[in-house]
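Following: one structure in structure tokens, then a few remarks.
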Amino acid sequence: MRLPPEISVDAVFNSVEEVNYPAWQIEAFRNLCLSIAQSEGAELGRAMVIKLKPGGVISGHIDDGYYANNSERYHAVIASNPKAWLRANDEKLSMPPGSVWWFDKHVWHDGANMGDTDRIHLVLDLYHANVPGRNI
């Protein structure tokens, strides 16, 4: 929905520019993104709809780089099941549909969907301060 103008490894980890892709025109998602950012007193960065199919795995990693270090991550859960989970360090949890969570992407984290249904999250990155290089 909102991503860097160029999708490359460097842009994903270091670019703080966002452009609106066609899905941004979906009013319900756009309003949800903006209301979460506003409730946190932040500016909206990236907005991504991520579907993890049954059996899908997110390999363990730490989000690093200029972009990651200047943004905070939130998960708005659209669809899930009790066997879909995310883990940050030693905390592992299953997020129920309809909930919104701050997620620490700055520590080692992984996830999986061992259930029978898709896990769909609206993943938002928010800026809590004026970040140099932002094209807003």
Side-chain angles (χ1 to χ4, degrees):
M1 294 175 62
R2 281 177 54 89
L3 294 167
E6 170 193 346
I7 305 299
S8 67
V9 171
D10 183 58
V12 166
F13 290 106
N14 294 303
S15 175
V16 290
E17 293 183 68
E18 293 88 21
V19 295
N20 296 330
Y21 284 79
W24 185 249
Q25 300 310 311
I26 301 170
E27 187 175 4
F29 281 117
R30 185 177 64 246
N31 290 344
L32 177 59
C33 295
L34 295 173
S35 69
I36 292 170
Q38 182 180 26
S39 73
E40 292 297 315
E43 290 182 46
L44 182 62
R46 296 180 187 165
M48 306 159 281
V49 177
I50 307 294
K51 177 168 73 171
L52 191 59
K53 295 180 179 183
V57 173
I58 301 166
S59 298
H61 65 283
I62 296 173
D63 290 21
D64 197 17
Y66 187 77
Y67 174 80
N69 294 333
N70 284 285
S71 61
E72 296 293 326
R73 178 146 299 163
Y74 293 78
H75 284 247
V77 184
I78 298 167
S80 193
N81 64 72
K83 293 183 179 180
W85 53 268
L86 284 174
R87 175 175 36 212
N89 279 338
D90 295 331
E91 186 177 2
K92 180 179 173 182
L93 61 105
S94 188
M95 301 171 175
S99 61
V100 178
W101 298 78
W102 171 79
F103 184 78
D104 193 351
K105 65 181 180 170
H106 308 285
V107 299
W108 185 90
H109 58 278
D110 64 348
N113 180 4
M114 297 298 118
D116 296 329
T117 60
D118 292 337
R119 187 215 79 172
I120 303 171
H121 286 194
L122 174 60
V123 178
L124 304 174
D125 286 336
L126 305 182
Y127 300 108
H128 287 282
N130 187 17
V131 177
R134 291 243 14 247
N135 182 17
I136 56 172

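This chain uses plain numbering: 1 for the first residue, then up along the sequence.
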For residues 3-12, please give each side-chain donor-acceptor pair under 3.5 Å, one per line with the distance, not counting sequence neighbours.
residue	atom	partner	partner atom	Å
E6	OE2	S8	OG	3.3
S8	OG	A11	N	3.1
D10	OD1	N14	ND2	3.0

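- For residues 82-98, the side chain to side chain donor-acceptor pair (under 3.5 Å) pairs, not counting sequence neighbours, are R87-D110.
- Minimum interatomic distance between A68 and H106 (heavy atoms only, all atoms of both residues): O-CE1, 2.7 Å.
- In this structure, the side chain to side chain donor-acceptor pair (under 3.5 Å) partners of N20, at least two apart in sequence or on a different chain, are R2.
- With sequence neighbours excluded, the residues forming a side chain to side chain donor-acceptor pair (under 3.5 Å) with S71 are K105, listed by chain and number.
- The hydrophobic cluster around W108 extends to I62, counting ILVMFWY residues whose side-chain heavy atoms fall within less than 4.5 Å of a member.
- Sorted by first and then second residue, the side chain to side chain donor-acceptor pair (under 3.5 Å) pairs involving residues 44-54 (not counting sequence neighbours) form an empty list.
- For the atom pair D104 CG and D63 CG, the distance stands at 9.5 Å (nearest 0.5 Å).
- When the side chain to side chain donor-acceptor pair (under 3.5 Å) test is applied to W24, no partner is found at least two apart in sequence or on another chain.
- Pairs of residues two or more places apart, or lying in two chains, never qualify as salt bridge (Lys or Arg N to Asp or Glu O under 4.0 Å) while including a residue from residues 27-38.
- Residue pairs meeting the side chain to side chain donor-acceptor pair (under 3.5 Å) criterion with at least one member in residues 31-41, sequence neighbours excluded: E40-Y74.
- The other residues sharing a hydrophobic cluster with L86 are L52, I58, V77, L93, M95, W101, F103, where clustering joins ILVMFWY side chains under 4.5 Å apart.
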Side-chain donor/acceptor pairs under 3.5 Å, residues 120-127, sequence neighbours excluded:
residue	atom	partner	partner atom	Å
H121	ND1	H75	ND1	2.8
D125	OD1	R73	NE	2.8
D125	OD1	R73	NH2	3.2
D125	OD2	Y67	OH	2.7
D125	OD2	R73	NH2	2.8
Y127	OH	E18	OE2	2.6

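- For the ring pair (Phe, Tyr, Trp, His ring centres under 6.0 Å) condition, the pairs that include at least one residue of residues 45-65, sequence neighbours left out, are H61-H109.
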